[in-house]
Amino acid sequence: MKLVVTEKHDAAQKIADLLGAKKPKADKVFNTPVYRFEKDGEEWVTIGLRGHILEPDFAPSLVYKKKGGWQGVDADGQTLQASIPDSLPKPPFKKKKPFTADGVELKGWKMEALPYLVYAPIEKLPKEKDIIRSLKNLAKKADSIVIATDFDREGELIGADALSCCREVNATAPVSRARYSAFTKPEIQGAFSNLVAMDDNLASAGASRQDIDLIWGAVLTRYLTLVKFAGYGNVRSSGRVQTPTLALICQRERERMAFVPEDYWVISGQFDADAREGVTAGDGPGAFSADHATARFKEEGAAKAAMNAVEGHRSARVEAVEKRKRTVPAPIPFNTTALMAATSAEGLSPARTMRIAESLYMDGYISYPRVDNTVYPASLDLAEVVRAISGNPAYAPTCKAILAQSSIRATRGKKETTDHPPIYPTAKATPDDLPPAEYKLYNLIARRFLATLSDAAVVEGTKVTLEVGGERFIARGDVLVKPGFRAIYPYGLKKDETLPPMEEGQQVAFNGADCVQKQTEPPARYSQGKLIQEMEKLGLGTKSTRHAIIERLYNVSYIQNDPIEPSQLGMAVVEALDKFAPHITGSAMTAELEERMDEIAEGKTSREAVVTTSRDLLSQELGALMPHSEEVKEALADAVAADAYIGKCPKCGKDLQLKASQKTRSMFIGCSGWPECDVTFPLPSGKIESVEELCPTCGMPQVKVTAFRTKPRVVCIDPACPTNQEPEVVVGKCPTCAAMGKSSNLVARRNPKTLKRSITCENFDECQTRYPLPQYGKLTATEEVCEHCGAPMVVVTTARGPWKLCPNFDCPGKEQEKEKKPAARKTTKRKKA
DNA sequence: GCAAGGTC
């Protein structure tokens, strides 16, 4: 039996389809799907991995008490002892009681262990245990093995790891490597009839990347986390990609802070081409505005002089009318970065984009979403794709026009790789087929695809120069004369600005000018899309990881908002590392690693040599960092306090801070003077941000609250503030009391201690009736009663509109709805396997 | 309780 190992399930299926004479049989080994077929009289089976199936980690059996423990070196530590270089003082490890060189006992050590962690041996541990089990089971019976993972460095490593698993159970089966760059019949058949050898050097290059990332990441993350320990779960991370990315954001913020705005003045005049003598008010079709030819006056005096010069004039002369046509080329095919840049501009974060793209891919609506390529391969039948999506009425006219051409021509980007085709739609979808966010992304991808097959747009720009009292004004207009791709791709489009028709020498009405003082703006913060593009430019991360890295920076509270601003903590982390361990804050480390990896791949150096050099460098920088731990600790503590600052305590004047409850992890506001001062304020659920302005009603601090899927709102932190008083609403009669022959009101109110809103019976002590309520939105009572349980129906109006519901949590109607739900979400069902 | 890289 011939065993074919691919990087992912999808590839295993496609290869089986393309190689088998007959349709392959879908089977399972344990829980892993595999595909069996016959070729040239031999039994074949393909199995898909899930990316990396092994994961490097510090050897648990040799060095640590238990996996993942951050204590340090265990027991006798012999293996570590052997790997520590002579330059580092060797602790005299003894059984059960390790000591430092100075004789300090190391049991339970933390920070002191870090210099040794730099040199700790690394092992590859199983990560996908189920898949490994299935793989080994097949490998046992295999006569030969073909590694058919992706054709790149990580793919080679994934394949080498898989092979090492196979070798544990089958030491002799011959192994070969299939190299393909597209799932087409000729490509795959060609790859399998020209099998090559595994490239061990390339796999080693990938493995050195893993080692270096782990060592630097673990050592610096533990350092930052332990130097100012803030409780379990409060990790201050650092890494080869995330820290330079954070540094980019901080650098931009520093530029903004250093920026000194300059005043300038802008003069804008109002004109009307219909009224020759300046008698109309200037809001007819002939009205237009034009800016002074000096776009920015640096001196107020010069601006005033220009204003004085036009003062009193009622007409202007058209000095020149220039028209110029320019073509706007159709956009190039989408790769991952370009897709994320486009969705970011549409308000969809890169991380969310990739989650949705993954589901669209899995459901068969779009092609593989992780690509660098921006050139459609010749093997892709563009006309067939156009036909496939032409069933969507919104695309039909464009599809028809494209198909009517004798040949279809597509735009092409600069990046041409053979990994996968650029992202294109693979099936028709309409707004009825997909949930809104999914369709939004599908629509963008489908329209972009059609745009890449469309003509350039032609825009006619008009520039009109006007003269008033010796001053020149310039009006500009843009009109789309040939829509081309813009007919199908309206994204990122500026509105047309039309000008009324004018001729040289013509007089138009001048209805006065305004002079506005403005200030130059600091460089803009990065949007998530822009940051991803910048990361790509600098070689930070890959198409598959950049969005996740940015999300990680949000999760550890190094950054906030979009456009992205760094937190005080983020700034402090970059500052501390930049001072003492500058290698981790720049993109040069990645660039250099790439060079070393190329050398390993070419056989010019070894994985061991490269990793050891990197360990020595880290050892050096950690050595510079450790003596300044007090300084770093204070800087981080100050930053954390500044990030948590909400306002001043009304009782003792110290700082009120955002805190997390130890027990429930929920957020509240507490005084930094605790335990002397016990002032606390409850917080509603949702993301909390500090706001500078105090409450206009009571003078207490305010916070900005963003609850899940709601618009942010600014609220006073004091529940007693009049702005926080919600009227109690009588929503109806209590059904429990009614059953007991009594009549009591159900009242909706907010608990001032917990801020939770609920409906309680006035007769609660006796009947114990209480219903939960959504925490946000305006609540109104209705006359209606729930058909299932008799509870009064209420309406909650949020930004998404009114929503009528039965508040009874145990209402029998709820169960029925739950049963209905899975059927309603049919859209995520996987397209035929 | 660490990273980054694959993929779900």
Side-chain angles (χ1 to χ4, degrees), chain A residues 6-12 31-33 48-58 60 64 66-72 110 113-114 117-118 120 122 124 127-128 130-131 149-162 203 205-226 229-246 354-363 368-370 419-420 535 539-553 555-556 584 589-590 593-594 597 614 618 828 830:
Chain A
T6 69
E7 192 158 321
K8 42 190 168 278
H9 163 258
D10 217 54
N31 270 326
T32 312
L49 307 176
R50 214 138 45 187
H52 294 279
I53 56 171
L54 302 182
E55 186 174 37
D57 206 346
F58 302 112
Y64 293 103
K66 54 179 185 232
K67 182 179 163 14
W70 284 19
Q71 300 324 337
K110 290 185 177 197
L114 293 182
L117 184 69
V118 171
I122 292 174
K124 284 245 177 155
K127 185 178 166 216
E128 299 288 343
D130 286 358
I131 289 189
T149 46
D150 287 3
F151 180 21
D152 54 26
R153 188 173 60 221
E154 293 296 330
E156 203 69 28
L157 175 58
I158 289 165
D161 285 347
S208 68
R209 197 244 348 119
Q210 286 188 321
D211 291 351
I212 288 169
D213 282 344
L214 173 65
I215 298 163
W216 283 76
V219 168
L220 292 176
T221 298
R222 289 186 193 191
Y223 177 81
L224 291 171
T225 305
L226 297 173
F229 187 65
Y232 290 99
N234 266 319
V235 172
R236 321 258 184 244
S237 64
S238 174
R240 175 180 57 82
V241 178
Q242 61 168 267
T243 304
T245 304
L246 176 62
M354 291 314 285
R355 270 194 294 274
I356 298 173
E358 181 67 33
S359 103
L360 286 175
Y361 166 63
M362 280 301 166
D363 291 350
Y368 190 69
R370 289 180 283 271
D419 51 355
H420 295 92
M535 290 171 77
L540 292 173
T542 74
K543 57 197 185 280
S544 317
T545 58
R546 289 185 194 112
H547 64 277
I549 300 265
I550 295 175
E551 212 181 26
R552 169 90 188 141
L553 293 176
N555 287 340
V556 294
I584 198 69
M589 180 172 171
T590 294
L593 176 62
E594 290 286 345
M597 283 195 291
S614 185
L618 173 61
T828 51
R830 207 172 269 205

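Nothing here was measured: the structure is a model prediction, and the numbers come from that model. Chain identifiers are assigned alphabetically (A, B, ...) following the order of the sequence lines, protein sequences preceding nucleic acid strands; residue numbering begins at 1 within each chain. Just so you know, these numbers use all the heavy atoms, side chains as well, and skip hydrogens, waters and symmetry mates.
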Separation of atom [atom1] in [X] from atom [atom2] in [N], rounded to whole Å:
X: A:Lys124; N: B:dA4; atom1: NZ; atom2: C1'; value: 12 Å
X: A:Asp57; N: B:dC2; atom1: CG; atom2: P; value: 12 Å
X: A:Glu128; N: B:dT7; atom1: CD; atom2: P; value: 12 Å
X: A:Leu540; N: B:dG5; atom1: CG; atom2: P; value: 9 Å
X: A:Ile550; N: B:dG5; atom1: CD1; atom2: P; value: 13 Å
X: A:Arg153; N: B:dA4; atom1: CZ; atom2: P; value: 15 Å
X: A:Arg236; N: B:dG1; atom1: CZ; atom2: P; value: 17 Å
X: A:Leu157; N: B:dG6; atom1: CG; atom2: P; value: 10 Å

Nearest-neighbour nucleotide for the [X] side chain, [options] considered:
X: A:Glu55; options: B:dT7, B:dA4, B:dG6; value: B:dA4
X: A:Val235; options: B:dA3, B:dC2, B:dG6; value: B:dC2
X: A:Pro56; options: B:dA3, B:dG5, B:dT7; value: B:dA3
X: A:Val241; options: B:dT7, B:dG6, B:dG5; value: B:dG5
X: A:Leu226; options: B:dG5, B:dA3, B:dG1; value: B:dG1
X: A:Arg240; options: B:dG1, B:dA3, B:dA4; value: B:dA4

Looking at every strand, decide which applies to [X] at a 4.0 Å heavy-atom threshold: base, sugar-phosphate, or nothing.
X: A:Tyr368; value: sugar-phosphate
X: A:Ser238; value: sugar-phosphate
X: A:Ile549; value: sugar-phosphate
X: A:Asn234; value: nothing

Any [X] side-chain nitrogen or oxygen under 4.0 Å from OP1 or OP2 of [N]:
X: A:Tyr361; N: B:dT7; answer: no
X: A:Thr545; N: B:dG6; answer: no
X: A:Arg370; N: B:dG6; answer: no
X: A:Ser237; N: B:dA3; answer: yes
X: A:Ser544; N: B:dG6; answer: yes
X: A:Gln242; N: B:dA4; answer: yes
X: A:Arg209; N: B:dA4; answer: no

Subject >> Pair A:Asp10-A:Tyr361, side chain to side chain donor-acceptor pair (under 3.5 Å): steps then yes or no >> reply: CA-CA 11 Å; A:Asp10 217 54; A:Tyr361 166 63; 2.6 Å; yes

Taking the side chain as every heavy atom from C-beta outward, state whether [X] and [Y] have any atom pair closer than 4.5 Å.
X: A:Arg153; Y: A:Glu594; result: yes
X: A:Asp213; Y: A:Val241; result: no
X: A:Lys127; Y: A:Leu54; result: no

Original post:
Sub-3.5 Å donor-acceptor pair from the side chain of A:Ser238 to the main-chain atoms of A:Gly217, do we have one?
Top reply: no

Subject >> DNA chain B: 5'-proximal contact among A:Glu358 and A:Glu154 (nearest heavy atom) >> reply: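 Comparing both residues, the 5'-ward one is A:Glu154.
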
Subject >> Distance, nearest 0.5 Å, that separates CZ of A:Arg240 from CG of A:Leu593 >> reply: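 Atom-to-atom, A:Arg240:CZ and A:Leu593:CG are 5.5 Å apart.
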
